[in-house]
Amino acid sequence: MSKTTIKLNVNGQSVEAQAEPRELLIHVLREQLQITGPHIGCETSHCGACTVDIDGKSIKSCTLFAIQAQGSEITTIEGLGNPDKLHVLQEKFKEHHGLQCGYCTPGMITRAHRLLEENPNPTEEDVRFGIAGNLCRCTGYQNIVKAVMAAADELNQPEAVA
Amino acid sequence: MIPGRFEYHQPETLPAAVALLSDLGEDARVIAGGHSLIPMMKLRLAMPEHLIDLRAIGTLRHITVADGQVRIGAMTTQAEIIDSGALQQSAPILRETSLQIADPQVRYAGTIGGNVANGDPGNDMPALMQCLDASFKLQGPSGEREVAAREFYEAAYFTARDDLEILTEILFPVSTAGYAYEKQKRKIGDYATAAAAVLLGKGADGNCNHAAIALTNLADTPIYCEEACAQLLQSGVNAASIQSAVQSAMGQIEPVDDNRGPAEFKKHAAAVILKRAIDIAWSRN
């Protein structure tokens with residue numbers, strides 16, 4: 001099968017890749033575009049480590065062919081913050097020890113970002129239900145939930161600029 | 001895990017999709033949200049030579065309530081169902097069920113059409129559609145037809161849909177009766193160990209004037225429990241009639257041993273879940 005040119009907007013930049021229809025978005029992001037924040041955890045649509053934001057939805061990029069994302073706007077962890085200027089969620093994960101090995105963290109934060117966009121004042125239950133598609137095998141989730149709640153609080157401060 | 005090679009098609013209209021499927025025949029598969037098919041393709045349990053993606057067909061994505069009837073386009077996602085105020089008014093059991101399907105990421109992508117058309121006994125919408133007495137609209141090369149959800153499921157992954165037909169729309173009457181979708185599962189994201197969809201209407205005299213009960217993942221198709229419904233309609237909803245309704249429903253199920261537990265355990269769980277669903281549905285009148 002021939003390759004198709006896939007045009008995407010990733011983290012605000014227009015990019016192109018050549019991919020066969022059977023290539024999954026996570027592989028194109030990581031191997032062709034060198035966007036290695038989204039991780040491959042289970043590759044079976046369960047763990048959420050590959051979560052990216054596509055046109056305002058949290059999507060497991062291991063369960064979408066790159067060609068299906070043609071023309072879409074994608075945000076990954078790289079688009080949320082950087083080492084010089086962390087996103088509030090990243091700050092709070094750091095402060096509250098919301099990670100141990102860190103493998104699930106990019107997916108967790110990308111998902112939590114969309115959750116807080118949709119529900120800026122979540123209860124603890126809302127957070128737990130809202131990140132149910134992201135598995136963490138280290139933390140037991142307590143500190144992840146604390147970090148997301150703390151980020152929501154900070155984002156809701158009047159002076160906060162997200 | 002990389003799927004086998006295939007050619008990708010993205011028709012923009014339903015007639016174009018139907019024509020393409022007719023031309024390509026059994027070498028082609030239709031893809032909706034892809035969260036059942038893509039995992040199967042990765043495992044090479046499905047190896048279609050052509051994928052016909054319905055995502056660009058805007059007419060397949062809608063929720064319409066008019067003249068006492070609800071119509072939902074097949075490409076409507078679970079997330080769109082959850083967010084629909086119109087559906088919450090006209091059939092609140094939909095939202096209750098959708099919220100128990102998989103996880104947030106899957107609900108953004110997974111569609112109601114895919115959930116009902118796939119014929120996976122683990123899917124939650126088929127029993128719900130039987131409970132609501134829904135019909136499925138099928139569009140094929142020789143035109144359009146409607147099949148009742150209660151007639152649609154033949155065996156695991158076998159349905160009344162012909163290979164050349166596309167399921168386009170789901171229709172059911174507005175349902176404001178007391179409702180419950182109760183699901184026992186090992187964890188969020190799992191398929192049901194046992195689940196029950198129940199609708200119970202209460203008349204002005206306090207009697208039960210509408211009853212519909214269907215069960216998920218307790219046989220190789222959803223199970224519609226006609227006799228259990230008749231018992232609640234005849235005897236009213238009380239401890240004795242609930243017990244005999246549950247007993248009758250349990251006579252219809254055929255769970256099998258698997259990693260969700262032995263059949264005996266599933267029968268126990270099914271009875272508990274169904275009784276709970278009946279209690280909740282009746283209390284919501």
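To find a chain, count down the sequence lines: A is the first, B the second, and so on, and within it residues start at 1.
Pairs of residues two or more places apart, or lying in two chains, never qualify as side chain to side chain donor-acceptor pair (under 3.5 Å) while including a residue from residues 14-39 of chain B.
For chain B, the nearby part of L24(A) is the side chain; its heavy atoms alone come within less than 4.5 Å. I40(A) does not touch chain B: none of its heavy atoms, backbone or side chain, sits under 4.5 Å away. Of the two parts of T51(A), only the side chain, counted from C-beta on, holds a non-hydrogen atom closer than 4.5 Å to a non-hydrogen atom of chain B. No part of E23(A) comes within reach of chain B, as not one of its non-hydrogen atoms sits under 4.5 angstrom from that chain. Proximity to chain A (any heavy atom under 4.5 Å) is restricted, for P39(B), to the side chain, taken from C-beta onward.
Counting only N and O atoms by type, the side chains of T76(A) and E78(A) include a donor and acceptor under 3.5 Å apart. Side chain to side chain, Q68(A) and D53(B) meet the donor-acceptor criterion of an N or O pair below 3.5 Å.
Between K92(A) and E154(A) a salt bridge is recorded (basic side-chain N to carboxylate O distance below 4.0 Å).
Most heavy-atom pairs under 4.5 Å with chain A, from the set L37(B), L51(B), D103(B): that is D103(B).
A cation-pi contact, defined as under 6.0 Å to the ring centre and within 45° of the axis, links R284(B) to Y179(B).
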